[in-house]
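These notes are about the structure you will find just below.
These figures come from a predicted structure and were not determined experimentally. The figures here come from the full heavy-atom set of this structure, side chains too, leaving out hydrogens, waters and symmetry mates. Chain identifiers are assigned alphabetically (A, B, ...) following the order of the sequence lines, protein sequences preceding nucleic acid strands; residue numbering begins at 1 within each chain.
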Amino acid sequence: MKKLCFLAIVLFLFSFQTAIAKTPADTLVIANSIDDIITLDPAEIFEFSGAEYAGNTYDRLIGYDVDNVSNIYGVVAESWTISPDGKTYVFKIRKGIKFASGNQLTADDVVFSLQRVIKLDKSPAFILSQFGFTPENVAEKISKVDDYTVKVVVNKAYAPTFFLYCMTSTAGSIVDKKDVLAHEKDGDLGYGWLKTAYAGSGPFKLKAWKASESLILDRNDNYWGNKAKLKRVFTRHISESSTQRLLLEKGDVDIARNLGPDDIKGLAGNKNIVIRKKAKGAVWYLGLNQKNKYLKIPQVRQALKYLIDYKGMEATILNGKATIHQAFLPKGFLGALEETPFSLNVAKAKALLKEAGLENGFTVTMDTRNNEPTTSMAIAIQGTFALAGIKLEIIPGEGKQTLTKYRARNHDIYIGRWGPDYMDPHTNADTFARNPDNSDDAKSKPLAWRNAWDIPEMTKKADAAVLERDTAKRAKMYLDLQREHQQVSPFVIMFQDIEILAERANVKGFILGPSFDSNFYWNVTK
Amino acid sequence: MTQFLTQKRLKKTALKILKFLLMVAITFLGLLLITFLIGRVVPIDPVLAVVGDKASHEVYERARIAMGLNLPLWQQFLIYLSSVLRGDFGTSVLTAKPVFEDILRVFPATMELAFLATLFGIFVGIPLGVISAVKRGGFLDHVSRVVGLLGYSLPIFWLALLALMIFYAKLDLLPGPGRVDVFYDGIVTPVTGFMLIDSILAGEWEIFWNALYHLIMPATLLGYFSMAYISRMTRSFMIEQLRQEYILTARVKGVAEWKVIWGHAFGNCAIPLITVVALSFGALLEGSVLTETIFAWPGLGLYLTNSLLNADMNAVLGSTIVVGSIFLGINIFSDILYKVFDPRAR
């Protein structure tokens, strides 16, 4: 009896303990998979979760409307002018912006930040260096006119939005020059320090980052714009979808970011939880290596595009996490082609294979990342390829492993997902439709190169499109380019990503943008 | 004469120690070499982990050279070896921190869990094993064997999810994943890395209790598996002992039955059991990847797996050395305990 009493007391204590432990009122708690963060330095960040961090903690010269990307506006830049020859951009810097450290933001910080990206030359540096900046010439090309004016000279008369969109990307974040230089070591421009620290002026500031554990942001009370409504945003790293769902259902987190289709389905009808969606820029595609003797035949490429059950996959495997899309520019981008000429058509595919002299089919392999939904997609594709006698062997592997093979052009087919680096159409045209040098030791290795697709003519078209300064004409050039690409390319583009987020019904105002650096927290209330 | 003898004995001991150290060194060298080679042979490009998929050719090449991957394999190994000897395990790509610091951070989380799980394994597993050996073939024996068998064969991730579903989601008795509630996270500054100790040091009793509640489910689950192992081994050791003639003698002499079981028979089982417990503790210290994933427990298992999948070789090698040292340490420790408890082994 004594024992029973003791047990009852212990159980009572437990239930009391957990009943009060819900999320604090002034803190947004997010369950997210954040183990991709390997740096907090905006000059180096190139990962989804890192981009989201920088988007909330740093300001850029320019921003865009998350619901209408073509609408761009000044953030740190109050206004800008472009010279008639299209090569010189002059930015007027907004007065009265303070960094979280308390320092004033001036032209010095802007010049320093942009030059720093070029000088450090980390992975995302190409977003800026593609305008002709090098560590040697950048001091001259990006310069201070006065305390609140910055001049940038690019190497060609590009379409202005190309340059401006690049300024909206994470690499264009403005860092606190004084603070960063105070932590400089051996002329590293503060790189060693900023990798795990913070020097920005955004609505939130970094409180703590524990790699693969948690990321804590606090409101920046020095912020110049609308101050964040909540005091703290706490992101806890949780990779398991079912764990995220449990925590959300119990109210121990306010938002779950990586729920799988099954868990989303399971939450339907739960009144305490709201599911929200936003189309993201990433596209799902198959890359057909042109070194393969079958895949290089035009009719075979065409036949494979008719051997995908787009509708079936969208409805079952992807179940709301992606939508059918068959051109290299995702919806929301300037000149995005929304036509979907391909659907599952086995008869047509068979006819095309016959034309290629392969009516008995052939065997081919596909390197497949062993995560979801990639594996399920691969199995579905294997099934539909078989309908026309094509035997698809799936080679499963870890992400980095399949990627290593793909980058060495040792695959037959690669199933992949590609996300744009900035909001201008050139980002995807550059990789899907440009291949300046198809040799094995080429310096630039875009996706067209990885699939050994030699396209001197199309490369010229893509180059011309980025120099077209008339927006309407430029959009038309991309539409034409995509129509041609859709038919002839060795890319079977299938879907565009949709981000699904599940939040407690009392959470309001989480801004989901078209890319990860435009998922904003400042407007959240609960 | 006596002086000569002591000198001889000293020399012998010194030789023994030297031999032992040499063995340790060779074990470590082998461990390092094998891990290093496996790390270089896997078809994953470690540069990708540093620069990502989209880096330009120049950035990629610079990173490759900075990582020393352009050098011949043997040279890479020597460079690594010499920096390890200087106590430098390199920097992790994933966390941007020195590997040593990372391990100091993640290891206590695993240790805390493993320690409690082993305690559970000992205090439940041993009595269970003894009882089922004594009542061999009886009802209790059958129950304990089924429980043990389940512990052996059930996949832990499934059991963990089920436990979360029942005790956290449905009954609301125990807290969910994580080491403490979000509310308490980041308040206590880590001193030892053990949440229970750190919270006491900081005088934050509320956090101590919260951390303890959070430990109950994962520790019990892991403990269940170590209990299954310990109880099975205890049972078979005990059965072996109970068959011996000295037990019969003791019983004939009229020694009380509890004394026969716990004093005579169990006393003789204790020594092999030390090895069993030590090994199961060692296995838990490696970190249980699945448990750590499901309970969002930032321990060594999760760290090691993450590093492996991302070709973060410094982190993998560093963790391997730690796991290797632990196993070596535990082996030495149980050897010493053997000598303490069993005069024949001296």
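- Listed for the A:Lys400 side chain is no donor-acceptor partner under 3.5 Å among the backbone atoms of B:Asp45.
- No part of A:Leu40 comes within reach of chain B, as not one of its non-hydrogen atoms sits under 4.5 angstrom from that chain.
- The part of A:Ala442 that comes within reach of chain B is its backbone (N, CA, C, O), which places non-hydrogen atoms under 4.5 angstrom from that chain.
- If you take CG on B:Asp181 and CG on A:Asp252, they are separated by 6.0 Å, rounding to the nearest 0.5 Å.
- If you measure heavy-atom distances from B:Tyr60 to chain A, the contacts under 4.5 Å come from the side chain alone.
- Comparing A:Thr404, A:Ile37, A:Asp36 by heavy-atom pairs within less than 4.5 Å of chain B, the highest count is held by A:Thr404.
- Under the 3.5 Å distance criterion, the side-chain polar atoms of A:Lys250 are matched with a main-chain donor or acceptor of B:Ala169.
- Scanning for ring-ring contact (aromatic ring centres under 6.0 Å, His included) contacts around B:Phe107 gives an empty result, with sequence neighbours left out.
- Here B:Leu119 pairs with B:Phe115, B:Leu116, B:Phe123 under the side chain to side chain contact (heavy atoms under 4.5 Å, CB included) rule; sequence neighbours left out.
- Side-chain contact between A:Arg407 and B:Leu48: present, with at least one pair of heavy atoms (C-beta onward) separated by less than 4.5 Å.
- Looking at A:Glu213, only its side chain comes within 4.5 Å of chain B, counting heavy atoms on both sides.
- Taking chain B as the reference chain and counting heavy-atom pairs below 4.5 Å, the highest number among A:Asp35, A:Thr39, A:Thr27 is found for A:Asp35.
- Here CZ of B:Arg105 is found 8.0 Å from NZ of A:Lys210. Values are rounded to the nearest 0.5 Å.
- Residue with the most contacts toward chain B among A:Glu47, A:Lys195, A:Glu398, A:Arg236: A:Arg236 (heavy-atom pairs, distance under 4.5 Å).
- Looking at B:Glu58, the atoms closer than 4.5 Å to chain A (heavy atoms on both sides) all sit in the side chain, from C-beta outward.
- Contact count against chain A (heavy-atom pairs under 4.5 Å) is highest for B:Arg62 among B:Arg179, B:Glu61, B:Arg62.
- For a residue to count as touching a neighbouring chain, one of its non-hydrogen atoms must lie under 4.5 Å from one of that chain's; by this rule A:Thr196 touches chain B with the side chain only.
- Side chains of A:Ser212 and B:Leu302 form no contact here, defined as non-hydrogen atoms less than 4.5 Å apart.
- Residues B:Val59 and A:Phe126 form no side-chain contact, since every pair of their non-hydrogen atoms from C-beta on lies 4.5 Å or further apart.
- In this structure, the side chains of A:Phe46 and B:Val51 stay at 4.5 Å or more apart for every pair of heavy atoms.
- Chosen from B:Pro298, B:Ala160, B:Ala296, the residue pairing most often with chain A at heavy-atom distances under 4.5 Å is B:Pro298.
- Within 6.0 Å of the CZ atom in B:Phe167, the count of heavy atoms belonging to other residues, nucleotides or ligands does not exceed 12.
- Of the two parts of A:Leu120, only the backbone, made up of N, CA, C and O, holds a non-hydrogen atom closer than 4.5 Å to a non-hydrogen atom of chain B.
- Annotation: residues 237-246 of chain A contacts chain B through A:His237, A:Ile238, A:Ser239, A:Glu240, A:Ser242, A:Thr243, A:Leu246 [non-hydrogen atoms, separation under 4.5 Å].
- Qualifying ring-ring contact (aromatic ring centres under 6.0 Å, His included) partners for B:Tyr224, counting only residues two or more places apart in sequence or in other chains: none.
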